[in-house]
Enquirer: 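Below you'll find the structure I mean.
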Amino acid sequence: MHYRAIFISDLHLGTPGCQADALLDFLKENTSDYLYLVGDIIDGWQLRRRWYWPQAHNDVIQKLLRKARKGCRVIYVPGNHDEFARHFLDHHFGGIEVVEEAVHKTADGRQLWVIHGDYFDAVVQQAKWLAYVGDYLYEFTLKLNRYLNNMRGRLGLPYWSLSAYLKHKVKKALNYVTDFENAVAHEAAKHGYQGVVCGHIHRAEIRDVNGVLYCNDGDWVESRSALVENEQGELSLLYWQTEPVVIPKPQLVKVA
């Protein structure tokens with residue numbers, strides 16, 4: 001498929017949780033005029049603790065650079081996990097533009113504010129040590145999630161996200177998500193934008209918040225999601241599934 005624009009974030013390259021193979025498949029199968037990398041592309045927090053960089057993660061970087069060389073405008077808005085890239089704002093690396101924030105104009109004339117969203121996270125801004133603890137616990141949950149899904153795969157069951165399930169069940173987490181969405185949408189309206197595109201909280205969503213179009217493109221750790229714009233300016237969420245569905249073989253019953 002070819003889209004006018006694709007928005008992806010929270011790849012977390014450099015961590016075992018990054019679903020790089022699925023991401024590579026998505027990037028190969030889908031092209032666009034604009035590609036927005038909406039933060040947490042490389043996980044500097046994890047890489048400082050333990051180096052992890054398999055070939056598939058390197059292939060993702062090469063694929064992004066190749067898209068820029070072939071004429072796709074690639075715009076990189078760093079997040080909190082790749083905050084080191086904020087030292088290189090307004091620079092170009094292999095054709096990829098690094099900016100603190102961006103404004104995307106849709107085909108139907110709407111102006112969308114493109115930010116990662118960590119500036120609206122009180123934990124990240126006011127208690128960074130707590131954010132590090134939360135990151136460690138999240139990584140543990142993802143590790144447990146991988147074991148569970150290996151077992152589900154053997155049973156022919158589809159992928160299931162433990163951490164997403166826990167977020168939906170814990171009231172405080174839901175309140176945090178709602179507060180975050182409202183704060184981001186309110187700030188976008190204050191700046192005169194018709195909508196906002198962000199990442200950060202790993203929850204893909206498109207909804208109206210007090211007249212502002214709130215879009216979160218999700219992540220490539222759990223949901224494997226992207227926000228896409230077609231040639232008419234319509235926005236939608238795309239979830240990338242690559243595993244074949246395993247259908248158990250029917251049991252043969254001997255008839256006496």
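These numbers come from the heavy atoms of this one structure, side chains and all, not from hydrogens, waters or symmetry mates. Note that the coordinates shown come from a computational prediction; the quantities given were computed from them, not determined experimentally.
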Enquirer: Could you tell me whether Arg73 atom CZ has more than 12 heavy atoms of other residues or ligands within 6.0 Å of it?
Expert: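 12 or below, so no.
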
Enquirer: Is there a path of hydrophobic side-chain contacts, each under 4.5 Å between heavy atoms of I/L/V/M/F/W/Y residues, joining Phe7 to Ile115?
Expert: no

Enquirer: Got Asp43 and Leu13 here, is their nearest side-chain heavy-atom distance under 4.5 Å?
Expert: no

Enquirer: Extract all donor-acceptor atom pairs below 3.5 Å that involve side chains of residues 230-237 and protein atoms in other chains or at least two apart in sequence.
Expert:
| from | atom 1 | to | atom 2 | distance (Å) |
| --- | --- | --- | --- | --- |
| Asn230 | OD1 | Gln232 | N | 3.0 |
| Asn230 | OD1 | Gly233 | N | 3.1 |
| Asn230 | OD1 | Glu234 | N | 2.9 |
| Asn230 | ND2 | Glu234 | OE1 | 2.7 |

Enquirer: With Ser9, which of Asp217, Asn216, Asp219 fulfils side-chain hydrogen bond (donor to acceptor under 3.5 Å, both in side chains)?
Expert: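 Single side-chain hydrogen bond (donor to acceptor under 3.5 Å, both in side chains) partner of Ser9 among Asp217, Asn216, Asp219: Asp217.
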
Enquirer: If you define the side chain from C-beta out and look only at heavy atoms, does anything of Asn80 sit under 4.5 Å from Asp40?
Expert: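 In short, these two side chains touch, coming nearer than 4.5 Å.
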
Enquirer: A side-chain contact here means heavy atoms from C-beta on lying under 4.5 Å apart; do His87 and Pro78 qualify?
Expert: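 When only atoms from C-beta onward are counted, Pro78 and His87 do not touch, as no gap falls below 4.5 Å.
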
Enquirer: Rounded to the nearest 0.5 Å, what's the gap from CH2 on Trp240 to OG on Ser223? Could you check?
Expert: 14.5 Å

Enquirer: Rounded to the nearest 0.5 Å, how far does NE2 of His186 lie from OH of Tyr214?
Expert: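 If we round to the nearest 0.5 Å, Tyr214:OH and His186:NE2 are 15.5 Å apart.
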
Enquirer: Rounded to the nearest 0.5 Å, how far apart are NE2 of His202 and CG of Asp10?
Expert: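 So the NE2 of His202 and the CG of Asp10 are separated by 3.5 Å.
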
Enquirer: Report yes or no: does His116 contribute a side-chain atom to a donor-acceptor pair with the main-chain N or O of Val38 at less than 3.5 Å?
Expert: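 Indeed, once roles are kept as given, a pair shorter than 3.5 Å links the two residues.
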
Enquirer: Check whether the side chains of Asp118 and His200 place a donor and an acceptor atom closer than 3.5 Å, and report yes or no.
Expert: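 Checked: Asp118/His200 side chains show no N/O donor-acceptor pair below 3.5 Å.
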
Enquirer: Is the NZ atom of Lys105 crowded by more than 12 outside heavy atoms at less than 6.0 Å?
Expert: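 Counting other residues, nucleotides and ligands, NZ of Lys105 stays at 12 neighbours or fewer.
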
Enquirer: Identify the heavy atoms of Ser32 and Cys72 that sit nearest to each other, and give their distance.
Expert: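 Heavy-atom minimum between the residues: O-SG, 3.4 Å.
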
Enquirer: With side chain to side chain contact (heavy atoms under 4.5 Å, CB included) as the test, would you mind laying out the steps for Arg224 and Gln241 before giving the verdict?
Expert: CA-CA 8 Å; Arg224 293 184 293 195; Gln241 301 294 332; 3.1 Å; yes

Enquirer: Can you see whether His104 engages Tyr34 through a side-chain donor-acceptor pair at a distance of less than 3.5 angstrom?
Expert: no

Enquirer: With a 4.5 Å limit on heavy-atom distance, are the side chains of Glu97 and Tyr76 in contact?
Expert: no

Enquirer: Give the minimum heavy-atom separation between Gln19 and Val221, together with the two atoms involved.
Expert: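 The pair with the smallest heavy-atom distance is NE2-O, 2.8 Å.
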
Enquirer: Report yes or no: do Tyr239 and Leu11 belong to one cluster of Ile/Leu/Val/Met/Phe/Trp/Tyr joined by side chain heavy-atom distances under 4.5 Å?
Expert: no

Enquirer: If you look at every heavy atom in Val212 and Ala188, which pair is closest and at what distance?
Expert: CG1-CB, 4.2 Å

Enquirer: Under 3.5 Å, is there a donor-acceptor pair linking the side chains of Asp33 and Tyr3?
Expert: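 Tyr3 and Asp33 do not have a side-chain donor-acceptor pair below 3.5 Å.
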
Enquirer: Look at the rings of His91 and Phe88 and say which category their plane angle falls in: under 30° parallel, 30 to 60° tilted, over 60° perpendicular.
Expert: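 Because their plane-to-plane angle is over 60°, the rings of His91 and Phe88 count as perpendicular.
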
Enquirer: Between Val114 and Val103, is the side chain to side chain contact (heavy atoms under 4.5 Å, CB included) condition met? List the steps.
Expert: CA-CA 6 Å; Val114 184; Val103 178; over 6 Å; no

Enquirer: Decide yes or no for Trp53 and Ile61: does some side-chain heavy atom of the first lie under 4.5 Å from some side-chain heavy atom of the second?
Expert: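 Heavy-atom side-chain distance check passes, below 4.5 Å.
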
Enquirer: Do His12 and Trp220 have their ring centres less than 6.0 Å from each other?
Expert: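 Ring centres of Trp220 and His12 not closer than 6.0 Å.
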
Enquirer: If you compare all heavy atoms of Tyr36 against all heavy atoms of Ala102, which two are closest, and at what distance to 0.1 Å?
Expert: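 In terms of heavy atoms, the two residues are closest at CE2-CB, 4.1 Å.
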
Enquirer: Are any of the side-chain heavy atoms of Arg69 and Leu65 separated by less than 4.5 Å?
Expert: yes

Enquirer: Any heavy-atom pair between the side chains of Met1 and Glu29 that's under 4.5 Å?
Expert: no

Enquirer: Please check if atom CG in Asn210 has more than 12 non-hydrogen atoms from other residues, nucleotides or ligands closer than 6.0 Å.
Expert: no

Enquirer: What's the shortest heavy-atom distance between Phe180 and Gly117, and which atoms?
Expert: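 Here Phe180 and Gly117 meet closest at CE1-O, 3.1 Å.
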
Enquirer: To the nearest 0.5 Å, how far apart are CD in Gln55 and CD in Gln62?
Expert: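 Here the interatomic distance stands at 8.5 Å.
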
Enquirer: Is a donor on one side and an acceptor on the other found under 3.5 Å between the side chain of Gln194 and the backbone of Gln111?
Expert: yes

Enquirer: Are Val98 and Leu64 connected in a single hydrophobic cluster, I mean Ile/Leu/Val/Met/Phe/Trp/Tyr linked by side-chain heavy atoms less than 4.5 Å apart?
Expert: yes

Enquirer: Would Val99 and Val77 satisfy side chain to side chain contact (heavy atoms under 4.5 Å, CB included), going step by step from the backbone distance to the final call?
Expert: CA-CA 5 Å; Val99 295; Val77 180; 3.9 Å; yes

Enquirer: Answer yes if Tyr52 and Phe84 sit in the same cluster of Ile, Leu, Val, Met, Phe, Trp and Tyr residues linked by side chain heavy atoms under 4.5 Å apart, and no otherwise.
Expert: no

Enquirer: State whether the side chain of Asp82 and the backbone N or O of Gly79 hold a donor-acceptor pair below 3.5 Å, judged by distance alone.
Expert: yes

Enquirer: So which heavy atom on Lys67 is nearest to which on Thr31, and how close?
Expert: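 Distance-wise, the nearest heavy atoms are NZ-CA, 4.1 Å.
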
Enquirer: Quick one: NE2 on His191 to CD on Glu187, what's the gap to the nearest 0.5 Å?
Expert: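 The CD atom of Glu187 is 5.0 Å from NE2 of His191, to the nearest 0.5 Å.
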
Enquirer: When rounded to the nearest 0.5 angstrom, what is the spacing between CG in Leu213 and CG in Leu112?
Expert: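 With rounding to 0.5 Å, CG (Leu213) is 6.5 Å from CG (Leu112).
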
Enquirer: What verdict does the side chain to side chain contact (heavy atoms under 4.5 Å, CB included) test give for Lys63 and Phe26, after you've listed the backbone C-alpha separation in whole Å, the side-chain angles of each residue and the deciding distance to 0.1 Å?
Expert: CA-CA 11 Å; Lys63 186 64 177 175; Phe26 170 79; over 6 Å; no

Enquirer: Between Ile6 and Leu37, is there shared hydrophobic-cluster membership here, with clusters defined by ILVMFWY side-chain heavy atoms closer than 4.5 Å?
Expert: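 Yes: a chain of side-chain contacts under 4.5 Å links Ile6 to Leu37.
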
